[in-house]
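First up is the structure itself, then whatever we jot down about it.
By convention here, the first residue in the shown sequence is residue 1.
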Amino acid sequence: MSFPLLTATAVLPALGAIATAAVPAAKRTVAKWLALVVSLATLVLALTVLVRFDPGGDRYQLTESHAWIADFGVRYELGVDGIAVALIALTALLIPFILLAGWHDADPVETGAASLSSFAAGRWRPTQGYFALVLAVEAMVIISFEATDVFLFYIFFEAMLIPMYFLIGGFGDRAHEHGEKTASTQRSYAAVKFLLYNLVGGLIMLAAVIGLYVVAGNFSLQEITEARANGTLEMATTTERWLFLGFFFAFAVKAPLWPLHTWLPNAMQESTAPVAVLITAVVDKVGTFAMLRFCLGLFPEASKWATPAVLVLALISIIYGALLAVGQRDIKRLVAYASISHFGFIILGIFAMTSQGQSGATLYMVNHGISTAALMLVAGFLISRRGSRLIADYGGVQKVAPVLAGTFLIGGLATLSLPGLAPFVSEFLVLVGTFARYPVIGIIATVGIVLAALYTLVLYQRTMTGPVKAEVEGMPDLKVRELVVVAPLVALLIFLGVFPKPLTDIVNPAVEHTMSDVQKKDPQPEVEAAK
């Protein structure tokens with residue numbers, strides 16, 4: 001029996017979470033270093049998966065399959081394609097930076113006995129719990145990318161809500177324009193809203209999962225897709241559409257797609273910057289990934305039927321998110337609405353049903369994770385220095401903290417998809433792929449690029465340029481720990497912007513399989529032959 005590499009990649013952070021939580025209260029520093037070492041070891045395993053994956057090989061590789069709940073056809077089945085490999089690597093890469101960036105976010109702010117109310121208010125902050133919860137989320141996200149059994153995927157798709165709920169509600173941002181009581185209420189509201197939205201989506205998906213079992217007799221993604229391809233499993237049109245809608249609704253909430261997006265701005269605003277990155281750069285990617293793997297793989301005809309409506313919703317997300325980002329006063333809410341716009345591009349690429357669009361969407365998931373992490377983490381460093389999230393409270397920062405301002409600018413330019421930085425390649429492919437089949441939608445979507453330039457450059461102008469405000473005169477520049485967090489992300493943005501081939505080589509074969517599932521071919525350009 002070969003070494004279960006995929007299981008190890010998911011189990012290691014789970015065991016690390018348990019070990020970190022068990023560290024005595026007085027040993028906070030030990031807990032931090034333990035969590036960081038575990039996250040780095042997980043990154044090594046994820047890179048091993050990346051190296052061992054053969055883009056020209058089988059669709060699902062490094063597979064594991066064991067009986068679990070035999071009476072109900074549930075198996076412990078894991079396998080990765082190129083899309084999953086890329087997202088596992090992204091997750092494992094970002095977690096160490098998230099932990100380093102939040103090194104002091106969970107330090108105690110008051111002495112005395114802990115209570116449930118003080119924890120909910122964010123005043124008593126058990127360091128061990130914070131770092132353990134981050135590792136727990138990592139474990140659940142990774143196994144969600146690996147699971148090829150629908151029921152197994154569903155369990156961890158829902159289970160990750162629990163640690164995220166406590167990270168949002170129990171370890172909220174300390175920079176508030178109102179009093180602590182109001183801040184506590186806002187954190188609780190954001191955490192409950194996050195939980196309720198995603199639970200409702202999950203419950204609807206559960207009904208669809210049960211319906212899929214009734215129709216197919218098992219939960220194996222590979223067996224169901226193969227049976228559909230060879231004609232041994234047929235679904236009634238109405239049944240397939242209802243099952244698709246059950247899955248898609250849950251994924252659209254997680255993604256998030258307009259109009260199911262409203263939980264995200266609240267959650268990101270009230271979270272610490274590292275947790276905000278965990279939400280939008282890591283957890284939300286499970287939703288868009290699942291659209292590719294499960295919606296298109298299990299329900300190809302229903303996916304094509306729903307495409308026009310999904311494209312309209314994605315287009316609304318792009319324009320709506322960008323417009324609201326332009327008018328934000330709060331830095332974190334601006335990044336949240338920008339992310340809603342970016343997720344619109346990702347979903348647009350997925351449902352354009354072209355190889356360029358789906359390759360661009362997958363690259364967008366990776367590149368958005370890196371660019372949002374860079375921008376939001378630098379914004380978090382900025383906010384921690386000034387103690388305010390409000391854009392109006394800043395000005396002239398580049399004169400007193402030039403390195404901070406410079407990295408903030410690079411993160412912002414990546415967000416607006418400047419050529420030469422990684423997101424440009426993915427956004428370009430999405431638009432090309434969309435235009436090839438739906439030219440009107442592709443043209444309208446380009447408005448999002450213009451609006452992205454507007455909200456990004458206005459944010460930089462108002463915070464970093466102009467006269468130095470008295471409150472930021474003594475602001476220190478980035479420290480060594482913060483540079484260790486930001487520098488690799490900036491380097492990756494530049495590297496993948498100039499040379500995306502290593503990533504496209506991994507992703508493109510998986511996209512070809514997805515296109516085959518939905519029986520779609522790229523439209524041929526209408527060009528007259530040269531005379």
Side-chain angles (χ1 to χ4, degrees), residues 8-46 91-142 159-160 162-175 180 184 187 191 271-279 282-283 373 377 380-381 383-385 476 478-486 488:
T9 308
V11 167
L12 180 60
L15 294 176
I18 296 171
T20 301
V23 173
K27 302 290 185 180
R28 291 192 304 273
T29 303
V30 173
K32 293 177 182 181
W33 281 104
L34 175 61
L36 181 60
V37 169
V38 169
S39 69
L40 291 173
T42 304
L43 175 58
V44 171
L45 289 177
T91 301
L93 173 71
L94 291 181
I95 295 300
F97 297 131
I98 288 171
L99 294 176
L100 271 175
W103 201 251
H104 299 297
D105 285 353
D107 288 348
V109 294
E110 70 173 356
T111 57
S115 66
L116 184 60
S117 61
S118 65
F119 176 77
R123 296 191 303 270
W124 182 73
R125 309 165 78 88
T127 305
Q128 288 85 337
Y130 175 86
F131 283 81
L133 289 170
V134 172
L135 290 178
V137 172
E138 179 182 23
M140 294 176 187
V141 169
I142 287 176
M160 70 179 70
I162 299 172
M164 286 306 309
Y165 168 79
F166 286 109
L167 284 169
I168 296 169
F171 300 94
D173 191 1
R174 297 177 184 177
E180 180 60 38
S184 171
R187 277 195 293 268
S271 300
T272 63
V275 172
V277 171
L278 188 65
I279 295 170
V282 177
V283 172
L377 292 178
F381 299 149
I383 292 168
S384 66
R385 285 159 164 76
L478 293 183
K479 301 174 183 177
V480 174
R481 172 178 59 86
E482 296 165 336
L483 284 171
V484 170
V485 170
V486 176

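Side-chain atoms of F381 and V486, non-hydrogen and from C-beta on, do get closer than 4.5 Å to each other.
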(request) Might you work through the side chain to side chain contact (heavy atoms under 4.5 Å, CB included) test for I279 and I168, ending with a clear yes or no? (result) CA-CA 9 Å; I279 295 170; I168 296 169; 3.9 Å; yes
(request) Could you check L36 against L100 for side chain to side chain contact (heavy atoms under 4.5 Å, CB included), going step by step and ending with a plain yes or no? (result) CA-CA 8 Å; L36 181 60; L100 271 175; 4.1 Å; yes
(request) List the steps, then state whether side chain to side chain contact (heavy atoms under 4.5 Å, CB included) holds for V44 with L40. (result) CA-CA 6 Å; V44 171; L40 291 173; 5.8 Å; no
(request) Starting from the C-alpha separation in whole Å, work towards a yes-or-no answer on side chain to side chain contact (heavy atoms under 4.5 Å, CB included) for M140 and M164. (result) CA-CA 11 Å; M140 294 176 187; M164 286 306 309; over 6 Å; no
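Here the CG atom belonging to L94 is positioned 9.0 Å from the CG atom belonging to L278, to the nearest 0.5 angstrom. In this structure, the separation between OG1 on T272 and CG on L167 is 7.5 Å, given to the nearest 0.5 Å. Distance check: L133 CG to I162 CD1 gives 10.5 Å after rounding to the nearest 0.5 Å. Distance CG/L15 to OG1/T42: 9.5 Å, rounded to 0.5 Å. Put simply, NZ on K27 and CG on L34 are 13.5 Å apart, with the number rounded to the nearest 0.5 Å.
When every heavy atom of A14 is checked against every heavy atom of A139, the shortest pair comes out as N-CB, 3.7 Å. Scanning all heavy atoms of the two residues, the minimum distance from A8 to L45 falls at O-CD1, 3.7 Å. Minimum heavy-atom separation, T127 to R28: OG1-CD, 3.0 Å. Shortest non-hydrogen contact noted between Q128 and V23 is NE2-O, 3.4 Å. The nearest pair of heavy atoms linking D105 to A101 is OD2-O, 4.3 Å. What you find for L99 and A35 is that their closest heavy atoms are CD1-O, 3.6 Å.
Few gaps surround CH2 on W103; more than 12 heavy atoms of other groups in view lie less than 6.0 Å from it.
Residues passing the ring pair (Phe, Tyr, Trp, His ring centres under 6.0 Å) test with Y130 are F171, sequence neighbours excluded. With sequence neighbours excluded, no residue forms a side chain to side chain contact (heavy atoms under 4.5 Å, CB included) with A25.
In this structure, E138 contributes its side chain and S39 its backbone to no donor-acceptor pair below 3.5 Å. Counting only distance, with no hydrogens or angles, the side chain of T20 and the backbone of F131 share no donor-acceptor pair below 3.5 Å.
Of the residues listed (L43, V282, V283), the one engaging T91 in a side chain to side chain contact (heavy atoms under 4.5 Å, CB included) is V282, and it is the only one.
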